[in-house]
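Everything on this sheet refers to the single structure shown next.
Numbered from 1 within each chain, the chains take letters A, B, ... in sequence-line order. Remember, it's a predicted structure, so these values are computed and weren't measured experimentally.
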Amino acid sequence: MFSWLFLQIFCRISKVIKILLSFALYIVLVIFNKYCTKTMAKVLTKKEENYSQWYNDLVIKADLAENSAVRGCMVIKPYGYAIWEKMQSVLDKMFKDTGHYNAYFPLFIPKSFFSKEAAHVEGFAKECAIVTHYRLKNNPNGKGVVVDEDAKLEEELIVRPTSETIIWNTYKNWIQSYRDLPILANQWANVVRWEMRTRLFLRTAEFLWQEGHTAHETRDEAEKETKQMLNVYTDFAQNWMGVPIIQGVKTESEKFAGAIDTYTIEALMQDGKALQAGTSHFLGQNFAKAFDVKFASKEGKLDYVWATSWGVTTRLIGALVMAHSDNNGLVLPPKLAPIQVVIVPIYRGQEMQDQISETANKIKASLESKGISVKFDNRDTHKPGFKFAEYELKGVPVRIAIGPKDIENNTVEIARRDTLTKDTVSIEGIENVIPDLLDEIQNNIFNKALSFRNSMITKVDSFDEFKDVLNDKGGFVLAHWDGTKDTEDRIKGETKATIRCIPLDVEKEEGKCVYSGKPSKFRVLFAKAY
RNA sequence: CGGGCUAUGGCGCAGUCAGGUUAGCGUACUGGUCUGGGGGACCAGGGGUCGUGAGUUCAAAUCUCACUAGCCCGACCA
């Protein structure tokens, strides 16, 4: 009895001590916390401290996307989706301008279609989602619903990881004669690849993309199409996203399963890792043979159709984020920014607010007449400083601040997101200043990324050097390779670097494989990649 | 899919080891006053089935098991 009482008392005393200690610690933390919020960047992990955490923070805090209740699947939030819509509209126009048109094919693909192209199935089999039943029923043993085992599908359906099979099964019915060619179809769709490790935008179980699927009379025509679309992607990446890329062709082991050749555009992220930003495949007659798609030529001969496919995904948003952004948040290229200019008023009292709003609305209208997207943020619920930080986080390229001093002097303060510099300029002629500034920002962002990228391409001639560069510096490594899968695999095993591509503009150069010492005729591009 | 960690107001966390009265804090939110050229201050207020489900116990945020989701490392991969 006494010992029990003693124990109770002891417990209480130790609890009291614990509480006192926690309280002291808490006070210290609170003070520290207050100090921190006043002196440090508030919301983002620093890029230099933890790059992937910085990326995650950025995507979430800038309101681009968030994780969902479904494993591996993200919710693309309005601001992130607005960027995707801009990408879509630009790309869609580029596709139409090169003679393509849109269509839509089913989400579900009969399982048997996959077994028709053996190489292709190997590439995706391990990450397919499969529909086996078509009905639910109330759980007879309790709450909720269960799968109705009586509603089993005769043939399972695969949720498309890509649409070659369903499309080529369809093209078979569309194509009889050379007069039916070419077919230049594209579809905007979602696809599912059951990824084990996912990251917002970069790798998710479901993602959005476009996939072009074309059919041609001749090999030559299909190859030209493949390269044309690679150039379209290059144009988009460099001139719209401001992301410099390297065009190249994939090695046998890195190419799309089912393709003869896979062409790629490879971008470099700020942490020195490469990211494949788009691919264009020359499929040869592989799918035509698998789905028996023949056409009668002008000479009346039957031949298999030549094919291409090409795609870019919402991963481009990840590339956009990682290519340009800084510790203050996103940096968006003006050509893809949902909001290109934000106007923040600074005022005291209703009267001043009205006065400034009038000026702000005039500026807004004059900029909009030039085709610029402008947001006038006249919320009275947030202070100017808060808004400054918020739009920086969201990467709005240009901010115009208008306060009482500006009204007096007929000026505004213009702040650039890319350089974080501020200037006071006259309101007169601002509708001409801003478009030029947006162009300049677009160019500056690209040039900055380009000089970084160029500084991160290193030629090496020994395997020690190869490893040192990858570990200490990162980026692309140009090295001789003997052309064998074995060497490629070994290098990957030892360094985690893969051959990103054989650059299209590669110079002929006699050399020795950096790993095996065997002869090589040109250098290939290695990097650790996303 | 293997190893490790995690899940507590909207968000970020403490409390869990060692079960015990009314589960706290920051931030966000609501109202008010002062403010306003870089994430404001003060006062008052509301909000939590402690991831889900079972179990142990007089008593579970706390212990056990299963499940779900997330993060990190690996394996796999267009």
Side-chain angles (χ1 to χ4, degrees), chain A residues 7-8 10-12 14-15 18-19 21-23 25-27 29-34 36-44 50 52-53 56-57 60-61 66-74 120 122-128 142-144 161-162 191 193-200 202-203 207 209 250 253-259 262 264 275-279 281 309 311-313 315 328-329 344-349 352-353 356 380-393 399 401-407 411-413 415 420 422 424 492-493 496 498 500 529-530:
Chain A
L7 190 68
Q8 290 293 304
F10 178 77
C11 284
R12 288 296 150 89
S14 65
K15 286 237 154 147
K18 208 166 78 175
I19 287 164
L21 275 175
S22 327
F23 188 68
L25 184 65
Y26 162 74
I27 296 287
L29 281 175
V30 165
I31 292 167
F32 182 70
N33 208 16
K34 289 268 177 206
C36 286
T37 52
K38 293 221 164 129
T39 54
M40 297 186 205
K42 208 169 165 184
V43 290
L44 291 179
N50 185 341
S52 48
Q53 191 61 47
N56 284 339
D57 284 1
I60 289 165
K61 299 280 168 52
E66 62 189 28
N67 284 306
S68 71
V70 188
R71 178 189 205 109
C73 295
M74 65 176 166
H120 168 257
E122 253 177 59
F124 293 108
K126 278 167 269 177
E127 46 189 35
C128 282
K143 290 181 290 185
T162 179
V191 286
R193 294 178 191 175
W194 214 256
E195 299 289 350
M196 290 304 156
R197 264 181 86 178
T198 59
R199 294 193 64 190
L200 293 169
L202 299 176
R203 176 167 281 124
F207 55 90
W209 76 347
K250 287 289 190 187
S253 55
E254 291 280 328
K255 76 174 192 193
F256 170 62
T262 289
T264 177
L275 184 137
Q276 180 180 292
T279 48
H281 312 290
S309 68
V312 294
T313 76
R315 189 183 222 204
N328 294 322
V344 177
I346 297 153
Y347 54 85
R348 195 178 308 178
M352 203 184 290
Q353 185 183 7
I356 289 171
D380 191 40
T381 50
H382 296 269
K383 319 203 67 171
F386 181 90
K387 294 176 185 175
F388 290 178
E390 185 180 18
Y391 292 110
E392 249 158 47
L393 186 59
R399 179 185 73 232
I402 311 174
K405 286 179 215 158
D406 295 304
I407 295 295
T411 58
V412 294
E413 182 192 77
L420 294 169
K422 291 189 271 199
T424 301
K492 184 181 177 184
K496 290 185 182 162
T498 50
R500 301 319 303 152
Y530 278 98

*Just call it for Gln53(A): base, sugar-phosphate, or nothing, with non-hydrogen atoms closer than 4.0 Å on any strand.*
nothing
*May I ask you to say what Lys61(A) touches in the nucleic acid, namely base, sugar-phosphate or nothing, with a heavy-atom cut-off under 4.0 Å?*
nothing
*If you round to the nearest 0.5 Å, how far is OG1 of Thr279(A) from CD of Glu254(A)?*
12.0 Å
*asked:* Are more than 12 heavy atoms, taken from residues, nucleotides or ligands other than Trp209(A), located less than 6.0 Å from that residue's CH2 atom?
replied: yes
*asked:* Mind checking if Phe256(A) touches a base, just sugar-phosphate, or nothing, with heavy atoms under 4.0 Å?
replied: nothing
_Most 5' of Phe386(A) and Arg199(A) on RNA chain B, judged by nearest nucleotide_ = Phe386(A)
*Which is true for Arg71(A) with a 4.0 Å heavy-atom rule: it touches a base, it touches only sugar-phosphate, or it touches nothing?*
sugar-phosphate
*asked:* At 4.0 Å (heavy atoms only), tell me whether Asn50(A) reaches a base, stays on the sugar-phosphate, or touches nothing.
replied: nothing
*Reckon Lys387(A) touches a base, only the sugar-phosphate, or nothing at all at heavy-atom distances under 4.0 Å?*
nothing
*Which part of the nucleic acid does Thr279(A) contact within heavy-atom distance under 4.0 Å: base, sugar-phosphate only, or nothing?*
base
_Considering every strand and a 4.0 Å limit on heavy-atom distances, what is the contact class for Pro161(A): base, sugar-phosphate, or nothing?_
nothing
*Presence of donor-acceptor pair under 3.5 Å, side chain of Glu390(A) and base of G39(B)*: no
*Rounded to the nearest 0.5 Å, what's the gap from OH on Tyr347(A) to CE on Met352(A)? Could you check?*
11.0 Å
*Tell me, please, which residues at least two apart from Glu392(A) pass salt bridge (charged side-chain N to carboxylate O under 4.0 Å, His left out).*
Arg399(A)
_At 4.0 Å (heavy atoms only), tell me whether Lys255(A) reaches a base, stays on the sugar-phosphate, or touches nothing._
nothing
*Please measure how far the P atom in A60(B) lies from the corresponding atom in C1(B), and state the result in whole Å.*
34 Å
*How far does the P atom of U57(B) sit from the matching atom of C73(B), given to the nearest Å?*
43 Å
*Hey, which sits more toward the 5' end of RNA chain B by its nearest nucleotide, Arg399(A) or Arg197(A)?*
Arg399(A)
*With no angle test and no hydrogens, is the base of G70(B) tied to the side chain of Asn56(A) by a donor-acceptor pair under 3.5 Å?*
no
_Categorize Gly72(A) for me: base, sugar-phosphate, or nothing, with a 4.0 angstrom heavy-atom threshold over every strand shown._
sugar-phosphate
*Determine whether any donor atom in the side chain of Arg203(A) lies under 3.5 Å from an acceptor atom in the base of C77(B), or the reverse, and answer yes or no.*
yes
*Please name all residues satisfying side-chain contact (heavy atoms from CB on, under 4.5 Å) with Pro161(A), sequence neighbours left out, ordered by chain then number.*
Phe114(A), Phe124(A), Cys128(A), Ile158(A), Arg193(A)
